[in-house]
There are 2 protein chains.
Amino acid sequence: MHVRIEHTITLCYQQAGTLNLRELSKQLKLSQTTVSRALNGYPEVNEATRKRVTEAAEKYQYRPNVRAQTLATGKSKSVGHVIPLSKQSELVNMVFSDFMAGAGLVYAEHGYTMTLSIVRDDDELDAYSAFAERGAVDGVIVQGPTCDDPRIARLLRLNIPFVVHGRASGIETPYAWLDVNNHRAIKAATQSLIDLGHRRIGLINGREQMDFALRRRAGYEAALADAGIPADPALTRSGDMSEPNGYTAACEVLAYQNPPTAFVASSIVIALGVKRAIEEHGLTIGKDVSVICFDDDISYLPNAGRTPQFTAMRSSVHAAGARCATLLLERIKTPGAPPSSELWEAEFVQGASTGPGPHA
Amino acid sequence: MHVRIEHTITLCYQQAGTLNLRELSKQLKLSQTTVSRALNGYPEVNEATRKRVTEAAEKYQYRPNVRAQTLATGKSKSVGHVIPLSKQSELVNMVFSDFMAGAGLVYAEHGYTMTLSIVRDDDELDAYSAFAERGAVDGVIVQGPTCDDPRIARLLRLNIPFVVHGRASGIETPYAWLDVNNHRAIKAATQSLIDLGHRRIGLINGREQMDFALRRRAGYEAALADAGIPADPALTRSGDMSEPNGYTAACEVLAYQNPPTAFVASSIVIALGVKRAIEEHGLTIGKDVSVICFDDDISYLPNAGRTPQFTAMRSSVHAAGARCATLLLERIKTPGAPPSSELWEAEFVQGASTGPGPHA
DNA sequence: TTGAAAGCGATACCAG
DNA sequence: CTGGTATCGCTTTCAA
């Protein structure tokens with residue numbers, strides 16, 4: 001096994017392809033201006049000239065220097081994402097990665113790059129400032145907002161284009177966001193359990209500093225209220241989006257004197273823990289206890305979570321990333337425009353199966 | 001599903017705190033040169049002046065423009081990572097993300113940023129070229145090399161600093177890499193099964209275009225050879241690092257007339273599938289069939305993979321990312337230096353328990 | 001120890 | 001349609 005390195009007649013004086021606009025224009029006996037215009041597709045340039053220029057550019061392997069371009073244009077053609085270390089764990093990752101993959105593709109299509117800042121949690125705010133103040137990026141994305149998220153206030157003050165994936169209740173100033181209708185999704189999920197006859201329904205939620213978690217709780221409570229069922233605080237827990245947390249939370253709730261006959265889980269990893277808790281209590285899912293989950297249907301979980309619903313969620317996160325990127329690029333290109341926002345409905349929740357009701 | 005779009009009006013003033021070096025130096029009645037030198041810690045500047053400068057910079061919230069800085073210095077102070085979409089799935093993600101988190105922190109500590117290019121698989125090579133030719137980054141990282149990886153040949157030709165996580169057998173020209181000793185780890189794992197008395201041992205490997213997979217197979221075969229056990233091709237499979245692939249591969253092997261009494265799995269996700277296959281065949285892990293896995297001990301897997309070993313693997317990937325980043329920054333700073341490489345031993349494999357031997 | 005001036009490599013305005 | 005020239009904001013010789 002060996003490598004064949006291909007040599008062609010390309011002689012390298014300096015670094016290969018390191019000629020710049022001036023040298024190229026000298027070769028062509030044209031001004032830098034004209035060459036630049038020809039390459040950038042300006043309409044006023046003669047088509048014959050343009051052809052000559054593009055061919056020469058190709059022949060000499062001319063590559064415009066991005067550093068010079070960004071200085072001259074005042075735009076870095078890049079978008080910043082800040083990732084605090086603590087979010088860099090567990091399945092949350094998947095959501096993060098899928099979102100970024102969706103966004104990254106859109107950036108690439110528009111000639112933008114993605115600049116990542118991975119920081120310790122304490123440095124998160126400063127990372128946004130660094131991005132903005134030094135002109136390192138043209139815009140930024142905010143993921144996973146909390147209630148009253150300080151990042152949003154900061155970014156508004158910095159006056160840099162940004163789009164939030166999610167919303168932060170408590171912030172009055174308008175800003176661009178894209179969110180899924182958490183309230184409605186969880187209300188519908190809870191409602192479907194109520195329709196099966198359940199009246200004692202547990203909620204294992206994410207950390208309720210997170211805005212989405214608050215909205216999910218509100219949806220859960222709204223469904224109970226509509227059905228005239230009093231909310232019992234003993235049946236609800238909030239904590240990390242992790243399997244262990246789902247487990248311990250569900251155990252606590254199941255240990256209650258009057259345990260629930262059904263659970264609403266705020267994520268697939270939480271549902272995994274809930275499932276383990278239920279099984280360890282000698283109960284059977286879909287018979288003794290029903291579980292419904294925002295991301296997915298727990299009944300498929302043994303198969304490593306590769307269910308159609310899970311795939312749907314992942315691709316919808318991917319789509320959200322792409323859409324946020326598009327919104328951001330629009331904002332970058334038309335700085336004056338009022339922020340536009342979108343609320344998506346979580347269609348994939350609809351088909352989740354929960355097993356029979358409590359009296360089946 | 002419908003979308004609600006909200007419109008509001010925002011007023012934009014000038015960016016706050018956008019004064020530049022010239023204005024700052026004017027305020028100070030000093031030259032730009034001196035101010036620049038003072039801020040960048042050059043020794044020749046008077047300490048009194050420096051103090052005056054830094055205080056003014058603080059007062060006026062001066063932030064040097066990175067775009068100008070990179071043009072003037074010729075360094076972008078950023079490192080490129082290219083992520084092809086196909087690798088953006090499943091648990092591979094975790095390895096990717098952990099690695100990048102480790103690297104990203106190191107970059108941040110050294111004032112570098114990380115530039116990501118998420119591309120469709122076909123565009124991967126060009127993404128590296130784009131990074132290098134246009135001076136967008138000072139160096140790049142290569143993850144998951146295949147045998148004879150074309151990216152490495154390309155990067156060598158582009159003459160840009162880079163570090164490979166893993167190695168590509170077949171490439172003669174020296175380059176910097178950091179790898180884990182796959183051969184030795186899998187050989188030890190196989191050996192431990194042999195020590196338990198197994199003589200028919202299956203191997204469910206990753207895709208054998210990947211260099212690490214080739215090395216793992218070699219390690220497996222070496223252990224068999226040492227024990228005088230003939231290798232039976234019917235007992236080995238290679239494919240995606242995924243649960244479904246582990247499942248189908250294990251099923252095929254188990255359907256063999258003379259099925260194995262033990263498996264070596266090349267990753268934790270594959271092991272998950274192998275486990276499912278074994279259970280569906282009515283066999284018991286650790287009793288009828290032993291399984292050992294590169295990343296982890298399968299006996300813990302029901303608990304969503306959150307085992308000490310798994311954590312150890314994740315943190316070792318994190319460390320690898322950090323180390324690669326460090327190696328790369330060194331290469332960037334001393335361009336002439338010969339490439340240095342590191343081979344790490346996979347210590348965490350040693351303690352994996354596999355259950356009793358075949359005759360227990 | 002400080003400053004004037006020449007880059008860095010593009011873009012973009014204003015003439016012609 | 002094409003060209004001269006200022007500009008972007010900082011770094012870095014070279015002189016003083």
Side-chain angles (χ1 to χ4, degrees), chain A residues 14-15 17-54 56-57 60-78 111 130 132-138, chain B residues 14-15 17-54 56-57 60-78 111 130 132-138:
Chain A
Q14 315 162 3
Q15 279 227 12
T18 301
L19 90 177
N20 59 21
L21 189 61
R22 181 168 48 221
E23 287 154 23
L24 179 63
S25 59
K26 232 166 239 168
Q27 291 290 333
L28 285 160
K29 298 203 174 143
L30 282 172
S31 73
Q32 296 188 35
T33 315
T34 305
V35 176
S36 169
R37 277 196 284 237
L39 259 23
N40 291 321
Y42 280 62
E44 65 259 35
V45 50
N46 187 323
E47 276 310 319
T49 328
R50 190 195 303 280
K51 187 153 175 288
R52 216 156 65 79
V53 170
T54 47
Y60 292 113
Q61 298 260 71
Y62 169 69
R63 298 279 181 279
N65 181 311
V66 279
R67 294 192 293 268
Q69 267 175 327
T70 60
L71 178 57
T73 57
K75 317 244 96 209
S76 64
K77 298 266 274 176
S78 109
E133 292 171 340
R134 316 186 65 209
V137 300
D138 297 334
Chain B
Q14 262 295 0
Q15 281 234 11
T18 300
L19 93 175
N20 58 22
L21 188 61
R22 181 170 48 220
E23 287 153 23
L24 179 63
S25 59
K26 232 167 240 166
Q27 291 291 334
L28 284 160
K29 299 206 175 140
L30 282 172
S31 71
Q32 296 189 34
T33 317
T34 306
V35 177
S36 169
R37 278 195 283 235
L39 258 22
N40 292 320
Y42 280 63
E44 64 259 38
V45 48
N46 188 325
E47 276 311 318
T49 326
R50 191 195 303 280
K51 184 151 176 290
R52 214 156 65 79
V53 170
T54 47
Y60 292 113
Q61 298 259 71
Y62 168 70
R63 299 280 179 277
N65 182 311
V66 277
R67 295 192 291 268
Q69 262 175 330
T70 61
L71 178 57
T73 57
K75 316 245 96 209
S76 63
K77 298 265 275 178
S78 109
E133 292 171 340
R134 315 186 66 210
V137 300
D138 297 335

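These numbers come from a predicted model, not from an experiment. Here is how names work: the chains are called A, B, and so on, in the same order as the sequence lines, proteins then strands, and each is numbered from 1.
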Would A:Y62 and A:L39 satisfy side-chain contact (heavy atoms from CB on, under 4.5 Å), going step by step from the backbone distance to the final call? CA-CA 10 Å; A:Y62 169 69; A:L39 259 23; 3.6 Å; yes
Polar side-chain atom of [X] near backbone of [Y] as donor-acceptor pair, under 3.5 Å:
X	Y	answer
A:S25	A:L21	yes
B:N46	B:A48	yes
B:R63	A:A130	no

With B for base contact, S for sugar-phosphate-only contact and - for none (protein heavy atoms under 4.0 Å), nucleotides 6-16 of chain C reads -BBBBBBB---
Should B:Q69 and A:R134 count as side-chain neighbours, where that means a heavy-atom distance under 4.5 Å?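 The answer is yes; the side chains approach within 4.5 Å.
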Non-hydrogen side-chain atoms of B:V53 and B:L28 separated by less than 4.5 Å: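 Sidechains of B:L28 and B:V53: in contact.
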Residues which pass salt bridge (charged side-chain N to carboxylate O under 4.0 Å, His left out) with B:K51, listed by chain and number, not counting sequence neighbours: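 Partners of B:K51 by the salt bridge (charged side-chain N to carboxylate O under 4.0 Å, His left out) criterion, ordered by chain and then number, come out as B:E55.
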Residues two or more places apart in sequence or in another chain: which of them pass salt bridge (charged side-chain N to carboxylate O under 4.0 Å, His left out) with B:R37?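 Expected list: B:E44.
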Any Lys/Arg nitrogen of A:R50 or A:E47 sitting under 4.0 Å from an Asp/Glu carboxylate oxygen of the other?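 Yes, A:R50 and A:E47 are salt-bridged.
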The helix from C:dT1-D:dA16 to C:dG16-D:dC1: angle between its terminal axes, five pairs each, to 10°?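 Comparing the first five pairs with the last five, the axes sit 40° apart.
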Close approaches to DNA chain C from residues 45-53 of chain B, in residue order (heavy atom, under 4.0 Å):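 Close to the strand are B:V45, B:N46, B:T49.
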Only one of B:T70, B:V137, B:V66, B:D138 forms a side chain to side chain contact (heavy atoms under 4.5 Å, CB included) with B:S78, so which one is it?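 Testing each of B:T70, B:V137, B:V66, B:D138 against B:S78, the sole residue satisfying side chain to side chain contact (heavy atoms under 4.5 Å, CB included) is B:V137.
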Do you know the tightest heavy-atom contact between A:A38 and A:V45?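 For A:A38 versus A:V45, the nearest heavy atoms are CA-CG1, 4.0 Å.
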Which heavy atom of A:V35 sits nearest to which heavy atom of A:L24, and what is that distance?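 Scanning both residues completely, I find the closest heavy atoms to be CG1-CD2, 3.8 Å.
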Think B:S31 has a side-chain N or O under 4.0 angstrom from the OP1 or OP2 of C:dG3?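 Yes, B:S31 has a side-chain N/O under 4.0 Å of OP1/OP2 on C:dG3.
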Can you give the first and last nucleotides of DNA chain D, 5' to 3', that have an atom under 4.0 Å from a heavy atom of chain A?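 Range of nucleotides within reach of chain A: D:dC1 to D:dG9.
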